[in-house]
Amino acid sequence: MIVFAVLATGCVTQSADPNSNLVARVKQGKDGRISKEEFVNWNIARIFKLYDAGGKGYVTLQDWQRLQGTSKDAQYKRLDANHDGKVTLAEAQANPKVRAALGGTFADIDTNHDGWIDHKEAGAYLLKRQTFVP
């Protein structure tokens, strides 16, 4: 789960694709904003795509090991809730630890603490994240 959180720190990119860019995703939200639930679901789906080699709709142990190596195989097995050798997006989204890890940055982005991320907050977070990139 820690790795998901590390990958989540890069959740704002300059791409216009709402699947990979928080600002674009917020623009698609009702009233130009998204809730924490929407943010978490979006972020899990975004990270899931990084692991899902070939866009199969599930992550195998080999997909996992491509990014994690073999030392975190036990984490993969915990994510595979039905133990079928495949982690689906639904399994990842239903996992409370994944939800907590990938929702952790919401409070940093929602600077007015109203429970929503709007375009201004998403844009400010983008600028903040860019200052950490060399």
Side-chain angles (χ1 to χ4, degrees):
M1 288 357 112
I2 300 300
V3 174
F4 280 123
V6 170
L7 290 171
T9 61
C11 72
V12 182
T13 65
Q14 292 184 16
S15 167
D17 179 3
N19 295 321
S20 64
N21 181 303
L22 180 59
V23 174
R25 174 59 188 96
V26 166
K27 286 182 181 179
Q28 285 186 331
K30 184 179 178 182
D31 301 326
R33 60 188 191 158
I34 60 172
S35 67
K36 182 174 183 177
E37 180 79 9
E38 291 170 303
F39 171 78
V40 172
N41 287 336
W42 166 80
N43 208 17
I44 292 171
R46 184 185 67 80
I47 298 299
F48 184 85
K49 285 183 179 188
L50 295 174
Y51 282 83
D52 179 11
K56 306 173 298 299
Y58 56 87
V59 175
T60 65
L61 180 59
Q62 291 74 28
D63 294 335
W64 177 264
Q65 290 172 342
R66 177 177 52 88
L67 296 175
Q68 295 294 320
T70 58
S71 67
K72 305 232 192 275
D73 287 0
Q75 285 181 349
Y76 174 85
K77 291 175 183 175
R78 285 191 295 274
L79 287 170
D80 184 11
N82 64 2
H83 310 291
D84 66 352
K86 301 174 183 175
V87 174
T88 64
L89 178 58
E91 285 174 309
Q93 288 180 328
N95 187 298
K97 289 184 179 181
V98 171
R99 294 193 73 73
L102 293 182
T105 56
F106 183 86
D108 293 335
I109 302 167
D110 178 23
T111 55
N112 66 3
H113 309 293
D114 66 352
W116 298 89
I117 296 173
D118 60 30
H119 184 263
K120 181 179 175 184
E121 290 168 319
Y125 188 71
L126 171 63
L127 290 174
K128 178 181 172 182
R129 293 296 309 154
Q130 286 179 337
T131 62
F132 296 124
V133 178

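Transitive grouping of hydrophobic side chains (ILVMFWY, heavy atoms separated by less than 4.5 Å) brings Leu50 and Tyr76 into a common cluster. Each of Trp116 and Leu22 belongs to its own hydrophobic cluster when Ile, Leu, Val, Met, Phe, Trp and Tyr are linked at side-chain heavy-atom distances under 4.5 angstrom. In the hydrophobic clustering of this structure, Leu102 does not group with Tyr58; members are Ile, Leu, Val, Met, Phe, Trp, Tyr whose side-chain heavy atoms approach within less than 4.5 Å, directly or through other members.
Checking side-chain atoms of Gln93 against main-chain N and O of Ala90 turns up no donor-acceptor pair under 3.5 Å. A donor-acceptor pair under 3.5 Å links the side-chain atoms of Asp118 to the main chain of Lys120, judged by distance alone. Of the possible polar contacts, one joining the Asp110 side chain to the Asp114 backbone as a donor-acceptor pair under 3.5 Å is found.
Using a 4.5 Å heavy-atom threshold, the side chains of Leu67 and Tyr51 count as touching. Using a 4.5 Å cut-off on side-chain heavy atoms (C-beta onward), Phe39 and Val26 make no contact. The shortest distance between side-chain heavy atoms of His119 and Val23 falls below 4.5 Å. Looking at heavy atoms from C-beta onward, Val87 lies out of side-chain contact with Trp64 at the 4.5 angstrom threshold. The side-chain heavy atoms of Glu38 and Arg25, taken from C-beta on, include a pair separated by under 4.5 Å. The closest side-chain heavy-atom distance from Ile47 to Val98 is not below 4.5 Å.
Here the OG1 atom belonging to Thr111 is positioned 4.0 Å from the CD atom belonging to Glu121, to the nearest 0.5 angstrom. Atom CD1 of Ile44 is separated from atom CH2 of Trp42 by 11.5 Å, given to the nearest 0.5 angstrom. Note that CG of Leu79 and NZ of Lys97 are 10.0 Å apart. Values are rounded to the nearest 0.5 Å. Distance check: Asn112 CG to Ile109 CD1 gives 12.5 Å after rounding to the nearest 0.5 Å.
Not counting sequence neighbours, the partners of Glu37 by the side chain to side chain donor-acceptor pair (under 3.5 Å) test are Arg99. Every residue two or more places apart in sequence or in another chain that forms a side chain to side chain donor-acceptor pair (under 3.5 Å) with Asp52 is listed here: Lys56. Partners of Asp84 by side-chain contact (heavy atoms from CB on, under 4.5 Å), not counting sequence neighbours, listed by chain and number: Asp80, Asn82, Lys86.
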